[in-house]
There are 2 protein chains.
Amino acid sequence: MVTIYDIAKKANVSPMTVSRVINNSSNIKDTTRQKVEAIIKELGYIPNSAARSLISKRTHIISLLITDITNPFFTRVARGAEDKAKQSGYQLLLSNSDENIDKETEYINMLLSTGVDGVLYAPMGDESKKNLRTLVKSNIPFVLIDRDIQGIQSDIVLGDSYEGARRLVEHLRDQGHKNIALINGPSNTSTARERQRGYEETLRLSNLPYKKKLMWEIQYKEDTADDVIEQLLSLPKNQRPTAIFAGNNFIAVNVIKALNKKGIQVPDDMAIVCFDDFEPISGFNPFLTVAAQSAYSYGYMGAQFLIERIEGTGPKENRRIVLPPEIIVRKSSLGYTFKGRK
Amino acid sequence: MVTIYDIAKKANVSPMTVSRVINNSSNIKDTTRQKVEAIIKELGYIPNSAARSLISKRTHIISLLITDITNPFFTRVARGAEDKAKQSGYQLLLSNSDENIDKETEYINMLLSTGVDGVLYAPMGDESKKNLRTLVKSNIPFVLIDRDIQGIQSDIVLGDSYEGARRLVEHLRDQGHKNIALINGPSNTSTARERQRGYEETLRLSNLPYKKKLMWEIQYKEDTADDVIEQLLSLPKNQRPTAIFAGNNFIAVNVIKALNKKGIQVPDDMAIVCFDDFEPISGFNPFLTVAAQSAYSYGYMGAQFLIERIEGTGPKENRRIVLPPEIIVRKSSLGYTFKGRK
DNA sequence: CTGTTAGCGCTTTCAG
DNA sequence: CTGAAAGCGCTAACAG
């Protein structure tokens, strides 16, 4: 391994001078600088970042803690975060919590000992609060993305789940649907709660009575849609839903699969809408009507805010960015059964 | 920041004893260990990994260098790599080269200075050789995934592109297609070359003459499919393809979009097959006939081999794992035009 | 079983 | 503009 001492010896200067050259310090004679730079190149010297971190307390690594990179939503969050990180000279550490609080906690501990400069944090749910408290105690900057946690002060970038839900349900209503079911994600996430609020509010304002029997809650990751569908289909004909609002894209997929098993076709026999688009596939064989979120921006802006916190630029007050979802109407909510009934 | 000195003072032992406790060294009196551990917990001590790395030359970070996390294929590679890394106590640094050699080189330089323990490397193409040489020179272990590079010695995990191509083209032939076009990725990747070889070989063995005019090469990331489709459609009727073998999933999507612009419907007017599935969406609205690769395994096994290299376990000889693709026949290659013609 | 010493590679501080 | 000394937090090597 080449060190500044090797460079120094060969250049007949002190290690300190080499350090100054590396750090682009001013107050260096041009000829000295050139001589040193030549030798650095010649020997292929690379600064040892462990030694630097030991002094600077900075690693230039930020952690992206999400629930699952495999979800196209988070894939794009990751891409946005990575692009911004790279631009600013940071690297991105990837962690999947799998919506599991223990796994999340394990990662938090790994992150703390790795000494990341900050955490871009999509919490699995309200239980994440204890992990966030750990970060606060350790003085590690973080920015929340996608899901809000009550009582935690930080910058946050998320989507308007309430508004998206409202517009999705309005769309179903406008298609003539009366019995609209909600199959939501777990209510320990702010997004699920907001989506439910939007759902209930829209039904209320539309004079569509909402019934507990039409409202279900399942996990984002485990597929337990079969049970729910079983229950929904066993309702008396006049109460049975003709449309389903799924909490997110994965739930929608599982719901559709469960429906298909029962011989129910989407959209002919059942309309489906959900949150989160399926890029990049949605571009060519579009099927699901969705409230698409600017996932890339969540990552990009989140990383930007985080880096500003790390570097001490950026405002005193916490920023809260709420991005509007875009409703994209596709086949899954445009069945034949209700066409023209409006 | 809490250090071993703080712990030592409070426990009335030497820093070295604290260090031994942290590292689960044997030869520690049980009472001492317990006393120290209690204080570690009390003060919330976390070992400083920069200081450790400075001595051990290990960061317990491995880099995943891929072309684009946004491609579902690489998303799953990443997931596999991360799962294995976590199991073994490593963290994963994410880097997207975007099929761009300069970006890839930039990342290699960042990695070198971060001091990662190893690189799980999906090279953008043959140009990556110079970056691989850099790693070799710096003595950083790496494992290749997905794409092979001539003249580089290392463990490698990849798919059988030749075999997959053969079987996709045979499938098209069996559907009655005579004029089968190839729209391949850039020939500076081993995968594209192998797929082309499989394509040519199958046509030859099937006594289907292959023509230069039916063979095209485009980028994986830039969408230049429109030009190619324009050219293919302008061929005289008896030479015009009725089926297209696309080099990968992204190319297939762009090809389908380009066809649609021209009013050509898939699969009725044109059959399409390609490499790489579109998980997780393929599960419910399946459309493309594909040669699906075990992307997760590439990442998982690749990470395993890499960690074995890092830790000096594992065999002397380089391992070469070639995983067979699975052909999944779906709508996109089952059009009406040729049905029953066989 | 425990402690002392030295040093990993770099930068801060102070002196010239 | 340049250098010497000290130390970041930890552990290897040796001593007891």
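Naming convention: chains lettered A, B, ... in sequence-line order (proteins, then strands); numbering from 1 in each chain.
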Return the value, rounded to whole Å, for the distance between atom [atom1] of [X] and atom [atom2] of [N].
X        : N       : atom1 : atom2 : result
Asn23(A) : dT12(C) : CG    : P     : 7 Å
Asn12(A) : dT2(D)  : CG    : P     : 13 Å
Lys35(B) : dT2(C)  : NZ    : C1'   : 11 Å
Ile55(B) : dT11(D) : CD1   : P     : 6 Å
Arg58(A) : dT11(C) : CZ    : P     : 15 Å

_On DNA chain D, compare the nucleotides closest to Thr32(A) and Leu54(B); which residue's is nearer the 5' end?_
Thr32(A)
Would you say [X] places a side-chain N or O within less than 4.0 Å of OP1 or OP2 belonging to [N]?
X        : N       : answer
Ser14(A) : dG3(D)  : yes
Ser19(A) : dT11(C) : yes
Thr17(B) : dG3(C)  : yes

*Indicate the atoms forming the closest heavy-atom contact of Gly159(A) with Tyr298(A), along with that distance.*
CA-OH, 2.9 Å
*asked:* Would you say that more than 12 heavy atoms from the other residues, nucleotides or ligands in this model lie under 6.0 Å from the NZ of Lys129(A), or not?
replied: yes
*Below 3.5 Å, does any donor atom in the side chain of Tyr5(A) face an acceptor in the base of dC10(C), or the other way round?*
yes
*Nearest-0.5 Å distance that lies between atom CD1 in Ile156(B) and atom CD1 in Ile149(B)*: 8.0 Å
Taking the side chain of [X] as its heavy atoms from C-beta onward, which of [options] lies nearest to it?
X        : options                  : result
Met16(B) : dA12(D), dT2(D), dA4(D)  : dA12(D)
Arg52(B) : dT2(D), dC10(C), dC10(D) : dC10(D)
Lys57(B) : dG3(C), dC10(C), dC8(C)  : dC8(C)
Ala51(B) : dG9(D), dC10(C), dT2(C)  : dG9(D)
Arg20(A) : dT2(C), dT2(D), dC10(D)  : dT2(D)

_First of Thr3(A) and Pro15(B) reached from the 5' end of DNA chain C, by closest nucleotide_ = Pro15(B)
